[in-house]
Structures are given as structure tokens and as C-alpha cells.
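Have a look at the structure below before the remarks.
Only a predicted model underlies this, so the values are computations on that prediction, with no experimental measurement involved. Both counts, for ligands and for their atoms, begin at 1 and track the order of listing.
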Amino acid sequence: MKFEKLAKYFERLEATTKRLEMTDILSELFKSIDDYEKEVDKIIYLCQGQLLPVFKNVEFGMSEKLMHRAIVEATGMPTDKITAHFRKKGDYGETAYDLCCLHPATKTVKDVYEQLNTIAQATGSGAVAKKVGILAGLIRQTSPLEAKYIVRIILGKLRLGIGDATVLDSLSLACAKNKSLRGKLEVAYNRCSDLGLVAKILFTQDFRYIENFKVIVGCPVRVALAARLSSPKEIIEKIGECAVETKYDGFRCQIHKDGDKVTIFSRNLENTTHMFPEIQEGTVKQISSKRAMFEGEALAYNPDNGEILPFQITVQRKRKYDIVEMQKRFPLKLFVFDILYVDEWGDVTGQPYRARREIMDKVVKPGEVLELSPFKIVKTEKELAEIFDKAVRAGSEGIVVKRLDAGYRAGGRNFNWIKLKRSYEDKVSDTIDGVIVGYFFGKGQRASFGIGSLLLCVLDEKSGGFKTIAKAGSGLSEDDLSKLKRILDKCKTATKPKDVDSLIRPDVWVKPHYVTEVQADEITRSPIHTCGKTNKNMAGFALRFPRIVKLIRTEKSVRDATTVKEIIDIFKIQGRRK
Ligand code: ATP
């Protein structure tokens, strides 16, 4: 496919905010691909502004300053002229479009992809000049429209608003003329987190490969998540006999072992391997199988007395620098709670809880770092309540209850796992992870910080967009306000972000980028919020007395925020409690 053809699709996608329209355009694009084997994956990554799936951590390493240099080099124009034009347009994509020469469009998607890849791969001494040189050369040989999108991809500013859900719908539409394949495609995607790979298999192999898609060592599985219920009674009524484990408050690690090579993915599927050397070593020593994939919660402990330390300390291990020093002060233990793959048994995600536990017993050898998370099988509400009370008294945040006959369901929050956290009496018993989409200047003393409260959204899993649920300001210290102002101003935008649905207009809009943790007293119905508002006359849901409890949840991306469905579930739980 010619890259210009793809750029024209980008133009059409950019012009719409309607998801159905986007789905139609994308499916038309997928149908028009010439060589599925070589192109479909690249086209999907590029549509999402990437070169490879996010977990591969590919970065172009080009700032706006370097982009400026590349455009100067490509156009031969004086730097002042480029600066003046950029100031007027506020976008280097538009600047390149307006100022680069009228070269005919001759490049293919493959040509451009390869050049982009070379830019991303350039590291070490001389890398900057190399990146600028290749990009300038590329811009010189492309049409203005092509240059505009190449520039935006490199700066991470393509932002066509194409979520994973839209890609999955479009793939189904392109192949089956309707959305009937969506469910199966999503299951496959949840098992590998790579939309390009799923699309390639869909278009080039028998559909049975999608239906029987197996997890792959090296590709993170989208993590299973827990639903909420509010009491032991409700849990037993819902799933009957079950296994109970402590809910550890550290960070989740999904570990892939391939011989001596160990890769550690976070809850968000980021590659965090380099941060946890002892978990790498522990895995090589304690996992008997050559290749395996398993999950656990990493917790810091006091090396003098073995005592497990609170989350505030554990979280200090999530850093890029001084790792050796931090490892000495706060070494980690990993409480292994699930297993997904082992060479001897293959993909074990379809096996029930007990079988996976038996496999874990066989595969995890005793040692210093990995420890199996203890579990107890219970039948009654009373037994469950006792374990919960004991866990809370021991300082844990609660328990995770697991269905005995269920497999590991990748990418889903459902009742195979149920979390029961310390209750806050009648208050909403779990915190909400809200996405910051704007802020208000605030009044009185707060006005002096330039920020008083935040407009928060939850994720609408149906549309892939964000719906407002609260305006929250309390819980923020003066330090927090200054810090927030600094980070939010880096992603402010003049108009409402495309994927935000809001009836409220904050003083400043910000692109959905950050997740904050909020505690609330109650979920109430509200006409001014769009969460759960299905038509104009219907009220939505809002948080009553929201308080920020964790400023920015760095371990969560906006795709991991609380969803509209979860809010409705919490609202129902609250109703039952009353
Ligand atoms: P939270 O914000 O409550 O940590 P979450 O959205 O990250 O929740 P949930 O599905 O609500 O995820 O809760 C499951 C999380 O609990 C897992 O992501 C994992 O990190 C943690 N966890 C701690 N102990 C266990 C355990 N024994 N089994 C499964 N998950 C556990």
C-alpha cells in the first residue's frame, strides 16, 4: 500500500469523532490492504501512532527541538521562519505540511515504516544527528500530507482516537461484514496484547487459529481483574465454595521466563524488568521449567527481620535509578498467585484454579524470593468472614476470593475473582480510579496555585471514551496542587478532548493521561455528569464528597481506570447495603 493512501485514511479518521464512522473507515482501510502478510500489522500499529505494540517500549527519542532541526534541514528554510510558523499553528505536523516541498507521493507503507524504525533504533553516540538526518531525508521525499502524519507519529501526536475496541470491531467488520467475530478476536488479543499479530493471523490463517489462540512467552497477557462484592454473604451466594487469598498491597508482576531470559511486565503491561533484579534471579533459580509465565504481587520487606513493608515503601522500588542501592535497603519478595504457561503443560489459562495451583506447587521451588501465596478453601460465609477479619487485623487491605472451577480469564474484570476490601462503613468501600480531563482555577487561597479542583472521568468501555463523574478538590495539599499544575499544564489542550463526553466545562481541559485515586462517601444520581447517562433526560452518576487519596497512579494508564459498568455495580451494591 502507498503511504499516501494510508495518510488519506488518517485524514478521514481525524475528521470524525463518531466511533461508528471510525469503525467503517478503518474496516474499509483493512479491506483495501494489498499484502496482509507484510502490511496489516504495520498499518494497525501506525494507526495507533506506534511502531510495535506498546509493551515493546519502542520510542523515537525525538523531542520538538529535534523535530524543528529536522524540518529546517528538510526545507532549507531559516530557523526563525519555522519557529514563527509553528507558533501560528501550534503543531509541527501542520508546519511540515505547509512548508515542505511538493514532492510526489511515491513511498509505500513498508518504506516509511522501515525508515521510522531506523530512527527509533538509532542509539548511542551520533544517534541524534542520525535521527535528524534520516527524518529530514524522509520529509524531503514525501508529499506534504505524508510529511504531516510522519511528523505527528514521531512526536507521539497522531492521536486519531482509535482505541483497541474500535480496531477489533473494524477487523470483524472487514472480515465478516458484521461484528460477530469481535468476541473471539478480543479473547485472542487479551492473550497476547498485540493487535497487529491478531490481525495478521486473522487475514492470513484459518480462523481456528484465532479461536484456539494460546498465550505466548514474551507477549504479556492482559491481566485478569477482580469484581467487587460487599460482604462474605454475597460472595458465598454468588460463587459458593471458593479459595481465599490475602490481597497483598504491592505491585503486580507478570513474569515471563525463557531460559535465563526473564521479562517482567507491570499491571499495565509495561516492561519493568530492569527495576527488579532479585525477581529475575529468583525466577531463574526457583522456576523449574525452562519456559513459564506466572503472576504475583511484589512486596518490599525489611532485610533485618523479614517484616513485610507497607505499599508506600514498596512503591519506592519502582524507579529507574539507584536500583542496586534500593534493592539492598528494601529487597522484594514475590507472592506467586497464578500461573499461565509452563513448557510441560502448555497454556494453562483454561485449567481450573485447583489445577493451576497444583502446577504452581510443582513448578515453583522453595527459595528466597518467590513464595506461593497461601490459600484456603472455604464453604461458608462464617469461614470467609473469619479469614477476612484476620487479614484486615494483620494490616492487609483485604482478600481476593477465587472461583474454584474458573480458568484465568485474560483482560477481564469478572466474578472469577472477587475482591473484598476493608469496609469504610456506609461509604463506598473501594476507591475509584478517575481520569483527569480538566481542572478549575479554584477560589480564595487555592486560586494562587492556579488550580483548585479536578474534573474526573471514568472509562466507558463501550465507546472507549471517558464520561465525567466528579469534580474533586479535597484531599489535595499545597504541594499536590503545585505538582498537579506543573504536570497537567504539559498536556493541556484548547478544546475538549475528542474522547471526553462532558456537560461541564472546566477552566482548562487536559488530555486524558493521568489517573488519580478517589475515595467517596456515596455514588449518587446526577443530571450534570455523563457517567451512565444514556439519554438526555436520564441522570448520570456522580461521586458524593470525593477526596483524592493518591495523586497520580503511575502504575495505571487511563485504560485501567474504573469503568462506567463498575460504577453501576458499586451503585447496586450500595443500594443492597442500605
Ligand atoms: P486495586 O486498585 O484494588 O489494587 P486493581 O484495579 O489493580 O485494584 P483488582 O482487580 O481490583 O485490580 O484487584 C486485583 C489486584 O489485587 C491485582 O491486580 C493484584 O495486583 C492485587 N492482588 C494482591 N493480592 C492478590 C492475590 N492473592 N490474587 C490476585 N490479585 C492480588
Is ligand 1 under 4.0 Å from a heavy atom in the side chain of [X], in the backbone, in both, or in neither?
X	answer
Glu517	neither
Lys247	both
Val223	neither

Should we count NZ of Lys184 as having more than 12 external heavy atoms under 6.0 Å?
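It does not: Lys184 NZ has 12 such atoms or fewer within range.
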What atoms in ligand 1 come closer than 4.0 Å to a heavy atom of [X]?
X	value
Trp417	29 (C), 30 (N)
Thr246	24 (N), 25 (C), 26 (C), 27 (N)
Arg267	5 (P), 6 (O), 7 (O)
Leu225	10 (O), 12 (O)
Glu245	26 (C), 27 (N), 28 (N)

[atom]: the protein heavy-atom neighbour that sits closest, reported with distance to 0.1 Å:
atom	result
atom 2 (O) of ligand 1	Arg553 NH1, 3.1 Å
atom 24 (N) of ligand 1	Tyr248 N, 2.9 Å
atom 26 (C) of ligand 1	Phe337 CD2, 3.6 Å
atom 19 (C) of ligand 1	Glu297 OE1, 3.1 Å
atom 11 (O) of ligand 1	Lys419 NZ, 2.3 Å
atom 18 (O) of ligand 1	Arg252 NH1, 2.8 Å
atom 28 (N) of ligand 1	Lys402 NZ, 2.8 Å

Is the NZ or CZ atom of [X] positioned over [Y]'s six-membered ring, under 6.0 angstrom from the centre and within 45° of the axis?
X	Y	answer
Arg252	Phe265	no
Lys471	Phe440	yes
Arg317	Phe276	no

Hey, is [X] one of the residues with a heavy atom under 4.0 angstrom from ligand 1?
X	value
Glu295	no
Lys421	yes
Lys556	yes

CA sep, side-chain torsions, deciding dist, call: Phe541, His529, ring-ring contact (aromatic ring centres under 6.0 Å, His included):
CA-CA 6 Å; Phe541 292 97; His529 284 292; over 10 Å; no
Pairing residues for Asp489 by the side-chain contact (heavy atoms from CB on, under 4.5 Å) criterion, not counting sequence neighbours:
Tyr439, Lys485, Lys492
Can you name the residues that form a side-chain contact (heavy atoms from CB on, under 4.5 Å) with Pro331, not counting sequence neighbours?
Glu278, Tyr301, Pro303
Please state whether the rings of Tyr248 and Phe335 are parallel, tilted or perpendicular, taking 30° and 60° as the class boundaries.
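Taking Phe335 first and then Tyr248, their aromatic rings lie parallel (interplane angle under 30°).
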Examine Phe294 together with Tyr341 and report whether their ring centres are nearer than 6.0 Å.
no
Are a donor atom and an acceptor atom from the side chains of Ser172 and Asp169 found within less than 3.5 Å of each other?
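Absent: no donor and acceptor within the cut-off.
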Can you confirm, on distance only, whether ligand 1 has an N/O atom lying under 3.5 Å from any N/O atom belonging to Ala226?
yes
For Gln254, run the side chain to side chain donor-acceptor pair (under 3.5 Å) check against Arg222, Arg267, Glu295 and tell me which one passes.
Glu295
Run the ring-ring contact (aromatic ring centres under 6.0 Å, His included) test on Tyr353 and Phe375 for me, step by step, so that the C-alpha distance in whole Å, both residues' side-chain angles and the decisive distance to 0.1 Å come before the verdict.
CA-CA 11 Å; Tyr353 178 84; Phe375 69 99; 5.7 Å; yes
